[in-house]
Number of protein chains: 2
Amino acid sequence: MIRNKTTEYALTILGFMATRNEDMYSAEYLHKQLNIPRRYLRRLLTDLSKHGFLKSTSGRNGGFVFAKDLEEINLDLVISTLERYDAINTCILGFSCCIVDKPCIMHDIWMEARSKMVEILSNTTLADLKEKYQMDLIKKL
Amino acid sequence: MIRNKTTEYALTILGFMATRNEDMYSAEYLHKQLNIPRRYLRRLLTDLSKHGFLKSTSGRNGGFVFAKDLEEINLDLVISTLERYDAINTCILGFSCCIVDKPCIMHDIWMEARSKMVEILSNTTLADLKEKYQMDLIKKL
DNA sequence: ATATATTACTACCTTTTTGTAGTATTTATA
DNA sequence: TATAAATACTACAAAAAGGTAGTAATATAT
Ligand code: FES
Ligand code: FES
C-alpha cells in the first residue's frame with residue numbers, strides 16, 4: 001500500500017493541484033498551502049516532472065502544471081511510480097512470491113480485500129477528484 | 001497497512017508457529033525454516049515476548065511458545081502492535097486528521113476499502129490460520 | 001543591464017529501519 | 001561440575017528514507 005511519506009506527499013500535491021484552477025503552481029505556493037517541507041517538496045516536484053506527471057517552467061513566474069490530461073492519471077499509477085516496493089502484491093503473512101508461487105492460507109481472502117483497493121485506486125483519476133471536489137463545493141452552497 | 005519488514009517478519013513467524021505442532025520453537029529452527037536474518041529474528045522474538053505474544057524459556061532446550069491462546073491473537077493486533085505509524089487510518093490523499101477532522105474527497109470510498117481490510121485482519125486469529133492450514137492439508141490428501 | 005523570482009543539480013545531514021557482533025545469563029545433560 | 005545449547009542485553013554498523021544547504025541556471029520585470 002502506501003509505505004512512504006513521499007508517496008503520500010505526491011498524492012497530496014497532485015490531488016490539490018487537480019482540484020484547484022490555478023494556471024501555475026510554484027513550489028513556494030504549494031509549500032504554503034500544503035505544509036510540506038520546502039526543499040523536499042521542490043525535489044519531489046522535479047521528480048514528478050521527470051516521471052511525466054508535471055511539466056515545469058523555470059524563471060520568474062515559473063512553476064508546475066500537469067503534463068498530461070487529468071483523466072490519464074489515476075491514483076494507482078502515482079503510487080506505483082513512487083513506491084519502491086510493491087506493497088500491494090505482497091503476501092500478508094510475509095512469505096515470498098505471493099500470486100506467482102503457491103499461495104499462503106490467507107491468500108484468497110486477502111486478495112479480495114486488496115483487489116477492492118486496487119480497483120478504487122486505479123479507477124480514480126485526478127479528473128474524478130476534480131469533479132468530486134467541485135460537486136462538493138456546490139452542495140455546500 | 002504493513003509498512004515495515006519487521007511487521008511482515010512477525011506475521012511470518014506467528015503464522016508459521018500457529019500452523020505447526022511443535023512443542024517449542026527455537027530461534028535457530030525458525031531461522032532455518034523462514035530465512036529471516038538470525039540476530040534480527042532473535043531480537044524480534046524477544047520483542048514479541050515482551051509484547052505478550054510469546055513466552056520464552058532460556059537454557060538448553062529452550063525456545064518460544066505462545067503466551068496466550070491462538071484465539072486471542074488476531075492479525076490486526078499483531079500489526080498494530082508492531083507498526084509505529086497507523087497506516088490504515090491515514091488519509092489517502094495525505095491530508096492530516098482523516099476521520100476526526102473534515103474528510104477529504106476520497107474519504108468515503110477509501111474508508112469502505114479500508115474497513116474491509118480491517119475487518120479481515122481483526123477477524124482472523126491465529127487459531128483460524130491453524131484450522132485453515134489443517135483443512136488445506138486434508139484436502140491435499 | 002540588473003534585480004528578482006523561479007526551477008535544477010549536487011552534495012550533505014538526520015532519523016528510522018534493518019541487520020550484526022560480543023558478551024552475559026540460563027538450564028538440561030553428560 | 002563442565003559443556004553445550006539456548007535466550008537476554010547492549011552497543012554498534014549499514015542502508016533507506018526524510019530533510020537541508022549552496023550554488024547554478026533560467027526567465028521575467030523594471
Ligand atoms: S501468498 Fe500470502 S497473501 Fe498471497
Ligand atoms: S480524509 Fe482523506 S481519506 Fe479520510
- Note on the structure: Applied to residues 11-38 of chain A, the salt bridge (charged side-chain N to carboxylate O under 4.0 Å, His left out) test, sequence neighbours excluded, yields A/E28-A/K32, A/E28-A/R38
- Can you tell me the distance, in whole Å, between the CD atom of A/E83 and the C1' atom of D/dA17? 11 Å
- Item | salt bridge (charged side-chain N to carboxylate O under 4.0 Å, His left out) involving A/K116 - partner list, sequence neighbours excluded | B/E112
With a cut-off of 3.5 Å and sequence neighbours excluded, list every side-chain donor-acceptor pair involving residues 49-68 of chain A.
| from | atom 1 | to | atom 2 | distance (Å) |
| --- | --- | --- | --- | --- |
| A/S49 | OG | A/L45 | O | 3.0 |
| A/H51 | ND1 | A/D47 | O | 3.2 |

- Message: For B/D108, give me all partners under side-chain contact (heavy atoms from CB on, under 4.5 Å), at least two apart in sequence or on another chain.
- Response: none
- Any chance you could pull the hydrophobic cluster mates of A/M135, using side-chain heavy atoms under 4.5 angstrom and chaining through other members? none
- Message: With a sphere of 6.0 Å drawn around CG of A/L70, does it hold more than 12 non-hydrogen atoms of other residues, nucleotides or ligands?
- Response: yes
- Message: Give the residues of residues 49-65 of chain A touching DNA chain C, defined as any heavy atom closer than 4.0 Å, sorted by residue number.
- Response: A/K50, A/S56, A/T57, A/S58, A/G59, A/R60, A/G62, A/G63, A/F64
Please list, one pair per line, the donor and acceptor atoms closer than 3.5 Å that link side chains of residues 121-131 of chain A to other protein atoms, with sequence neighbours excluded.
| from | atom 1 | to | atom 2 | distance (Å) |
| --- | --- | --- | --- | --- |
| A/S122 | OG | A/V118 | O | 2.7 |
| A/N123 | ND2 | A/E119 | O | 3.3 |
| A/T124 | OG1 | A/I120 | O | 2.8 |
| A/T125 | OG1 | A/A127 | N | 3.2 |
| A/T125 | OG1 | A/D128 | N | 3.2 |
| A/T125 | OG1 | A/D128 | OD2 | 3.3 |
| A/D128 | OD2 | A/T125 | N | 2.9 |
| A/K130 | NZ | A/N21 | OD1 | 3.1 |

- Message: List the residues meeting side chain to side chain donor-acceptor pair (under 3.5 Å) with B/T7, not counting sequence neighbours, and say none if there are none.
- Response: B/E83
- With sequence neighbours excluded, residues passing side-chain contact (heavy atoms from CB on, under 4.5 Å) with A/N35: none
- Message: Once side chain to side chain donor-acceptor pair (under 3.5 Å) is applied, do any residues pair with A/Y29, and if so which ones, sequence neighbours excluded?
- Response: none
- Nearest-Å distance, CG (A/N4) to C1' (D/dG19)? 14 Å
- What residues in residues 24-44 of chain A put a non-hydrogen atom under 4.0 Å from any atom of DNA chain D? A/P37, A/R39, A/Y40, A/R43
- Task: Under 4.0 Å from any heavy atom of chain A: name the first and the last nucleotide of DNA chain C that qualifies, 5' to 3'.
- Result: C/dT4 to C/dA11
